[in-house]
Participant: 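The structure follows.
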Amino acid sequence: MLDVQLLRSRLDFVAERLATRGMSLDVAAFQALEDERKERQTRTQDLQARRNALSKQVGQLKSKGEDTTAVLAEVAGLGDELKANEVALADLLERFNAFVAGLPNLPHESVPVGKSEEDNVEVRRWGTLPSFDFQVRDHVEIGARLGGLDFETAVKISGARFTLMKGGLARLHRALAQFMLDTHTGEHGYTELYAPYLVNADSMYGTGQLPKFEEELFSVPKADGSKFYLIPTAEVPVTNIVRGEIVPAEQLPLKFVCHTPCFRSEAGSYGKDTRGMIRQHQFDKVELVRIERPENAWEALEELTGHAETILQKLGLPYRKIVLCSGDMGFGSAKTYDLEVWLPAQNTYREISSCSCFESFQARRMQARFKNAQGKNETLATLNGSGLAVGRTLVAVLENYQQADGSVHIPEVLRPYMGGLMVLEPVL
RNA sequence: GGAGAGAUGGCAGAGUGGUCGAAUGCGCCGGACUCGAAAUCCGGUAUGCGGUUAUACCGCAUCGAGGGUUCGAAUCCCUCUCUCUCCGCCA
């Protein structure tokens, strides 16, 4: 969430920055809440101080064996007003916090202002687009010919937006994840993690999925009436490692890589990407997460994005890097780069990685801090990015490495993970 | 699933209604002593929030979480969560 101090001291500035996201901040509503909060809180604390002082007097008088009825009478007079103020304050703070928690992060000044994905700005392109002297097939058809992608059976087992993979294709999927993990741990200095796929509401709140985006999550009821949430990304369990912690400064930065399935309800995307495995309820992703000193956060974003790009380059997949405009960024992000991989069958680039810097937006609500050089606790900065989405990478490999006879060449870096296999042969 | 024990500061650990935000020890920081270090001695050392722009000062809240009793709760009552030990079951 945003820094409350910033809201109080530079409300107009915050409103102006939020406006670039297409978000109109109700300045008057905030000011009214803040004024009431200040008055109510001051009053309540004064009454509490009074009560505490009088109660202390009672104790002192009693220990000397003196009469306490006068003091008791005075403190009794405070009771009703104090109670009323405490109740009103609690209610007010709840509304105040809900208001602030509902505000998205401010875009970094380098972020282009725009309304929608139309206004995103391309930063650069990498790679040469493949040319085919035959009719290109999409991954659904390629996968079917390889006998490895089976959507019909997945529908029977679960329903729409699920995939069943078999044989060499399932192995290729696994190989991609292994390759990504090995590259990030071996060459980029990330620590590999295995993390829970079911998390509690506090964790979802910490990374900002809750309270605003509950409908995008799957959940599992628990016997006690609460629920587990299925992670929509490894960002959630991994970033929450530092929730409520004061990380020793010498341990920074923390660089984690974690391969998990991701679960998304995709509510509101009916009819979008219904063919194939582009948009699924369940998909694997290798996620990079960094916990940084705020002053290093922007450099870290460039580095992290570069680490994700490395995977695409080693796989020889053409892609472009774009910077999301203010209106297209996620809720907590201050700046986001998307990597889009070339998909020949769609004749376009499609998102395969999203790398974001949250500054202290997530860490503030998570109370994730470190001791700075002055010995003071300071809020950390958090970043994350896909390194990469495994399912979509598989799609990209199938489409970019397809051959006229229906076979698919295996990128060289993956062959060690495929037992040396160089090509997947069609069975149809 | 059964039986029992427990949750207090960075750690260990005291505290069963009244100057307790909390003894003591360890750790850490500063100082003294020393050529320097060790040892020893002295002092300091939780977090969040508010007054308030402030590393000054004052106040509020916090002893697993939430509620209750009370003028006053770490301490008493209720509910919940988590941890540990033993037994059973189990990938």
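All chains are named by letter (A, B, ...) in the order of the sequence lines, taking the proteins before the strands, and each is independently numbered beginning at 1. Computed from heavy atoms alone, side chains included, the values below leave out hydrogens, waters and symmetry copies.
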Participant: Once you apply the 3.5 Å cut-off to both distances, tell me the Watson-Crick or G-U wobble partner of B/U85, or none.
Facilitator: B/A3

Participant: Separation of A/Lys38 atom NZ from B/C60 atom C1', in whole Å?
Facilitator: 16 Å

Participant: With respect to the side chain of A/Arg51, which nucleotide from B/C71, B/U19, B/G51 is positioned closest?
Facilitator: B/C71

Participant: What is the base-pairing partner of B/U62, counting Watson-Crick and G-U wobble geometry with both distances under 3.5 Å?
Facilitator: B/A46

Participant: Assess, by modelled atom type and distance only, whether the side chains of A/Asn296 and A/Arg293 contain a donor and an acceptor separated by less than 3.5 Å.
Facilitator: no

Participant: Whole angstroms only, please: what is the CG-P distance between A/Asp202 and B/U81?
Facilitator: 15 Å

Participant: A/Gln60 has a side chain; which of B/U19, B/G50, B/C71 sits nearest to it?
Facilitator: B/U19

Participant: Here's a test of your reading of the structure: between A/Gln45 and A/Asn377, which maps to the more 5' nucleotide of RNA chain B?
Facilitator: A/Asn377

Participant: Any side-chain donor paired with an acceptor under 3.5 Å for A/Thr260 and A/Lys285?
Facilitator: no

Participant: When you measure from the side chain of A/Lys83, which nucleotide among B/A61, B/G68, B/U52 comes out closest?
Facilitator: B/G68

Participant: Rounding to an integer number of Å, can you tell me how far A/Glu245 CD sits from B/U47 P?
Facilitator: 14 Å

Participant: How many Å lie between CZ on A/Phe370 and C1' on B/U47, as a whole number?
Facilitator: 17 Å

Participant: Test the A/Arg365-A/Tyr205 pair against the cation-pi criterion, namely NZ or CZ under 6.0 angstrom from the six-membered ring centroid and within 45° of the ring axis.
Facilitator: yes

Participant: Kindly indicate whether the side chain of A/Lys62 and the base of B/G18 share any N or O donor-acceptor pair separated by less than 3.5 Å?
Facilitator: yes

Participant: Can you tell which of B/U47, B/A61, B/G18 lies closest to the side chain of A/Ser55?
Facilitator: B/G18

Participant: For residues A/Phe283 and A/Phe263, establish whether the separation of their ring centroids is below 6.0 Å.
Facilitator: no

Participant: Give each protein N/O atom lying under 3.5 Å from an N/O atom of nucleotides 8-10 of chain B, with the pair distance.
Facilitator:
none

Participant: Using distance alone, with no hydrogens and no angle criterion, decide if A/Tyr229 and A/Gln209 have a side-chain donor and acceptor under 3.5 Å apart.
Facilitator: no

Participant: Write down the partner of B/G10 under the Watson-Crick or G-U wobble criteria, each distance required to be under 3.5 Å.
Facilitator: B/C26

Participant: Report yes if at least one side-chain N or O of A/Arg50 is closer than 4.0 Å to OP1 or OP2 of B/G72; otherwise report no.
Facilitator: no

Participant: Is the distance from the ring center of A/Tyr194 to that of A/His259 below 6.0 Å?
Facilitator: no

Participant: Nearest whole angstrom, please: distance from the P of B/C71 to the CG of A/Leu61.
Facilitator: 16 Å

Participant: According to the Watson-Crick and G-U wobble definitions, with both distances under 3.5 Å, which nucleotide is paired to B/G17?
Facilitator: none

Participant: Using the closest heavy atom to pick a nucleotide of RNA chain B for each, name whichever of A/Gly59 or A/Thr42 lands nearer the 5' end.
Facilitator: A/Gly59

Participant: Side-chain N or O of A/Arg369 less than 4.0 angstrom from OP1 or OP2 on B/G48?
Facilitator: yes

Participant: Calculate the interatomic distance between A/Leu54 atom CG and B/G18 atom C1'; express it in whole Å.
Facilitator: 14 Å

Participant: Whole Å only: how far is the CG atom of A/Leu11 from the C1' atom of B/U53?
Facilitator: 17 Å

Participant: Between the base of B/G50 and the side chain of A/Gln41, is one N or O donor paired with an acceptor at under 3.5 angstrom?
Facilitator: no

Participant: Could you point out which residue of A/Thr336, A/Asp338, A/Asp328 forms a side-chain hydrogen bond (donor to acceptor under 3.5 Å, both in side chains) with A/Asn120?
Facilitator: A/Asp328

Participant: What's the closest nucleotide to the A/Leu72 side chain, out of B/C71, B/U47, B/G50?
Facilitator: B/C71

Participant: Looking only at side-chain N and O atoms, does A/Asn52 come under 4.0 Å of OP1 or OP2 in B/C71?
Facilitator: no

Participant: For B/U55, which nucleotide in any strand shown is its Watson-Crick or wobble partner with both distances under 3.5 Å?
Facilitator: none

Participant: Please check if the distance between the ring centroids of A/Phe213 and A/Phe331 is under 6.0 Å.
Facilitator: yes

Participant: What is the distance from CD of A/Gln48 to C1' of B/U62, rounded to the nearest Å?
Facilitator: 12 Å

Participant: Looking just at side-chain N and O atoms, do A/Gln178 and A/Asp182 make a donor-acceptor pair shorter than 3.5 Å?
Facilitator: no

